[in-house]
Engineer: 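Below are the structure tokens for one structure; questions will follow.
Every chain is numbered from 1 and lettered A, B, ... according to where its sequence line falls, protein lines coming before strand lines.
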Number of protein chains: 2
Amino acid sequence: MTAHSDHRPVETVETAINLLGVLKQAGRTGMGVTEVATELGLAKSTAHRHLQTLADRGLIVRAGDIYRLSSWFLDYGVHVRNQHPLYDLARPKVDELAAETDEKVWCVIEEDDTGVHLYGADGAHSVTTHARVGNRTPLHQFAAGKAILANLPEGQIARIIDGHGLSERTPQTITDPGELRTELDSIREEGYALNREESVPGVHAVGAPVRDEDGHAIGAISIAGPANRLRGELLTQELPDLLLGAVNEVEVNLAHI
Amino acid sequence: MTAHSDHRPVETVETAINLLGVLKQAGRTGMGVTEVATELGLAKSTAHRHLQTLADRGLIVRAGDIYRLSSWFLDYGVHVRNQHPLYDLARPKVDELAAETDEKVWCVIEEDDTGVHLYGADGAHSVTTHARVGNRTPLHQFAAGKAILANLPEGQIARIIDGHGLSERTPQTITDPGELRTELDSIREEGYALNREESVPGVHAVGAPVRDEDGHAIGAISIAGPANRLRGELLTQELPDLLLGAVNEVEVNLAHI
DNA sequence: GTCTGTGTTCGAATAGCGGGAACACACTTT
DNA sequence: AAAGTGTGTTCCCGCTATTCGAACACAGAC
């Protein structure tokens, strides 16, 4: 209900997070003390002290006079991924689907009202989009996301649609709340979601939700490929059938944990 | 020479990092406010405020009254991995080697005087050890690590051997500095390193360094398998040959960036 | 209905964060 | 050579923002 928290945050921690964000953007090049300080509007001394503590704790690494993010994040990130129940369960299915269809297959989970790409497998003729593992994407913009969104508790659906607004990604992206709701109805009815160039021009996709025992989606699996290949009955029949069989198996295994 | 820094750290940031560490340990179960507070010796209110800011910034996610790490770390971690020059270059070779040998193949990099597992590929008969992507391991304890260690600048080698001490992992782990130095000499001479149950009982491995234009190792690739399969000429001839060919190609590509 | 466990909020004291100025040092520039 | 410009580093002081403890709300157990 409340768009969370005016509650006074720990500002020092926030600057540390901002610092890490800036270093992420800097990438492999990294940044020096003064550069970080000006970028964040801090005194050189404070930037220095922050960088030093983060380096001492191993979050960032110093090479000469430039700092960059260390593999500490890889360690934590992989840990998060491995802990997720869908990772172990969906990964083999995702690999299978990629091998069978020769297309790009994704496993996506819901987190904080958005979709997160947990695992992806390449088929022989995979399209490469900008989607990467760890990426957060608004749920209404892609097949897996819509499949999830259609199967969330009603309160959460309302919060997502009315709250954040429906940002546009391509001209085909559904940005009208009413239109999206009827789309979600049809997704629930069919059991799967389609994406016709709504997130990437020239790319179509099919997505199906993975639901828990309450029927609420915890994630989804999707198959994506070039629009001229994924069309007709392949897009509306064969791939959905394949996909629904796969997610069904995942759901069964999920229940038996 | 100095084991770095008595320099006054930013304590607030340190507690935030500690908090994340505790939440990592808690895994998917997560932790509540009081649990975190007692674990870290903080007042409930401070733990509460920290958790709230971390959640607001998306680093952790709250489900009911328990908090756990979010995929924020996956995003940052994958970013770090993708940025590393060895990832793009070594990955195809690692996949190839795994397919050819049917064994487990790792790409390891050096960071902060330790080895970090950057990428791994499974062969048809892979052994599964506790090594995971993102894991930090002391360089002297495994084949890839020793291959790296043997090809670092002398100053850094001395710092690693004399500084941290040589911790034991199995009875076979080399813990004597003198013994390690002669081992490193032989590794430099042969071009590759062997690991005979020095990190995992029953597991042998071969590792070869990936060197930059100065001849210093930036990482290594290793092949690991059961001791009774990896022995004789396979271990000392065939696999090293295969491996040295692979790292050589990687080095060439590395120079042409 | 009481009790014990949560999470949450408030105010108040002081520790420690942040800033600025001076320092050391490495490269250019003249 | 010497002055100049850019680093990173250190110190100290003022004031803010962090921390704590205590009180509160709420839930479930007994």
Side-chain angles (χ1 to χ4, degrees), chain A residues 1-23 26 28-70 112 155, chain B residues 1-23 26-70 112 153 155:
Chain A
M1 49 203 63
T2 70
H4 43 205
S5 79
D6 343 341
H7 314 303
R8 216 143 269 131
V10 186
E11 298 180 20
T12 308
V13 173
E14 292 209 304
T15 66
I17 296 172
N18 292 337
L19 205 160
L20 295 172
V22 169
L23 280 189
R28 190 116 228 293
T29 312
M31 290 175 86
V33 175
T34 14
E35 203 177 352
V36 169
T38 55
E39 186 75 24
L40 289 157
L42 298 173
K44 265 200 302 181
S45 52
T46 31
H48 180 60
R49 209 149 77 96
H50 271 266
L51 287 167
Q52 211 161 47
T53 61
L54 291 172
D56 279 351
R57 296 307 233 80
L59 306 224
I60 64 179
V61 70
R62 174 177 180 167
D65 275 340
I66 66 106
Y67 298 83
R68 74 173 98 87
L69 299 183
S70 83
D112 257 332
Chain B
M1 53 184 49
T2 71
H4 43 205
S5 79
D6 344 341
H7 315 301
R8 217 140 269 133
V10 186
E11 297 180 20
T12 309
V13 173
E14 291 208 305
T15 65
I17 296 172
N18 292 338
L19 205 159
L20 295 172
V22 169
L23 279 189
R28 191 115 229 292
T29 313
M31 290 175 88
V33 175
T34 7
E35 204 177 352
V36 169
T38 54
E39 185 77 22
L40 289 159
L42 297 173
K44 264 201 303 181
S45 50
T46 38
H48 180 60
R49 207 150 77 95
H50 271 267
L51 287 167
Q52 211 161 48
T53 61
L54 290 172
D56 279 351
R57 295 307 233 81
L59 306 223
I60 64 178
V61 69
R62 174 178 181 167
D65 275 339
I66 68 107
Y67 296 83
R68 73 173 99 87
L69 300 183
S70 83
D112 258 331

Engineer: Which atom pair, heavy atoms only, marks the closest approach of A/Gly30 to A/Ile66?
Structural biologist: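 Heavy-atom minimum between the residues: CA-CD1, 4.0 Å.
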Engineer: State whether the distance check finds a donor on one side and an acceptor on the other, under 3.5 Å, for side chain A/Lys44 versus base D/dG8.
Structural biologist: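 A donor-acceptor contact between them is present.
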Engineer: Check the distance between C/dC10's P and B/Arg49's CZ and give it to me in whole angstrom.
Structural biologist: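 Atom CZ in B/Arg49 sits about 13 Å away from atom P in C/dC10.
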Engineer: Using a cut-off of 4.0 Å on non-hydrogen atoms, how would the nucleic acid contact of B/Thr12 be classed: base, sugar-phosphate, or nothing?
Structural biologist: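 It contacts sugar-phosphate atoms only.
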Engineer: Tell me whether the OP1 or OP2 atom of D/dG8 has a side-chain N or O from A/Thr34 closer than 4.0 Å.
Structural biologist: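 Yes, such a contact exists.
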Engineer: If you check every side-chain atom of A/Thr15, which of D/dT18, D/dT19, C/dG18 has the closest atom?
Structural biologist: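 Among D/dT18, D/dT19, C/dG18, the one nearest the side chain of A/Thr15 is C/dG18.
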Engineer: Ignoring backbone atoms, test whether B/His50 places a side-chain nitrogen or oxygen under 4.0 Å from the OP1 or OP2 oxygen of D/dT19.
Structural biologist: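 True: B/His50 side-chain N/O within range (under 4.0 Å) of D/dT19 OP1/OP2.
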Engineer: How far does OH of A/Tyr67 sit from NE2 of A/His50, to the nearest 0.5 angstrom?
Structural biologist: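 Between atom OH of A/Tyr67 and atom NE2 of A/His50 there are 13.0 Å.
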Engineer: If you only use heavy atoms from C-beta on, which nucleotide in C/dG7, D/dT19, D/dC20 is closest to the side chain of B/Asp65?
Structural biologist: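 The nucleotide sitting nearest to the side chain is C/dG7.
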Engineer: Between B/Pro9 and A/Arg49, what is the shortest heavy-atom contact and its length?
Structural biologist: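 Distance-wise, the nearest heavy atoms are O-NH1, 3.3 Å.
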Engineer: With a 4.0 Å cutoff (strictly under), does any side-chain N or O of A/His48 reach OP1 or OP2 of D/dG8?
Structural biologist: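 For D/dG8, OP1/OP2 do not have a side-chain N/O of A/His48 under 4.0 Å.
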Engineer: Find which nucleotide of DNA chain D each of A/Gly32 and A/Val13 is nearest to by heavy atoms, and output the residue with the more 5' nucleotide.
Structural biologist: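 Closer to the 5' end of DNA chain D: A/Gly32.
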Engineer: If you round to the nearest 0.5 Å, how far is CD of A/Glu39 from CG of A/Leu19?
Structural biologist: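 Going from CG on A/Leu19 over to CD on A/Glu39, the span is 10.0 Å.
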Engineer: Within this structure, what is the CG-to-P distance between B/Leu42 and C/dG16, rounded to whole angstrom?
Structural biologist: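 Going from CG in B/Leu42 over to P in C/dG16 covers 13 Å.
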Engineer: Check A/Asp65 against A/Arg62 and note the closest heavy-atom contact, atom names and distance.
Structural biologist: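 Distance-wise, the nearest heavy atoms are OD1-NH2, 2.8 Å.
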Engineer: When the distance from CD of A/Glu35 to C1' of D/dG8 is rounded to whole Å, what number comes out?
Structural biologist: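 Atom-to-atom, A/Glu35 to D/dG8, this comes out as 13 Å.
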Engineer: Would you indicate, yes or no, if D/dT9 has its OP1 or OP2 atom less than 4.0 angstrom from a side-chain nitrogen or oxygen of A/Arg62?
Structural biologist: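 Indeed, a polar side-chain atom of A/Arg62 lies that close.
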Engineer: Under 4.0 Å between a side-chain N/O of A/Arg8 and OP1 or OP2 of D/dA17, yes or no?
Structural biologist: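 Checking D/dA17 against A/Arg8, no side-chain N or O comes under 4.0 Å of OP1 or OP2.
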Engineer: Would you mind reading off the distance between A/His7 atom NE2 and C/dG7 atom C1', rounded to a whole angstrom?
Structural biologist: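 Taking atom C1' of C/dG7 as the reference, NE2 of A/His7 is at 12 Å.
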Engineer: Could you tell me how far apart B/Glu14 (CD) and C/dA15 (P) are, to the nearest whole angstrom?
Structural biologist: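 These atoms are roughly 18 Å apart.
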Engineer: Can you check the B/Glu11 CD to D/dC20 P distance for me, whole Å?
Structural biologist: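 Rounded to whole Å, this separation is 11 Å.
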Engineer: Please state how far atom CG in B/Leu51 lies from atom C1' in C/dT9, giving the value in whole angstrom units.
Structural biologist: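 Rounded to the whole Å, the gap is 16 Å.
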Engineer: Respond yes when some side-chain nitrogen or oxygen of B/Ser45 is under 4.0 Å from OP1 or OP2 of D/dC20, and no when none is.
Structural biologist: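 Checking B/Ser45 against D/dC20: no side-chain N or O falls below 4.0 Å of OP1 or OP2.
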Engineer: Output the rounded distance in Å from CG (B/Leu19) to C1' (D/dT18).
Structural biologist: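 After rounding, the reported distance stands at 15 Å.
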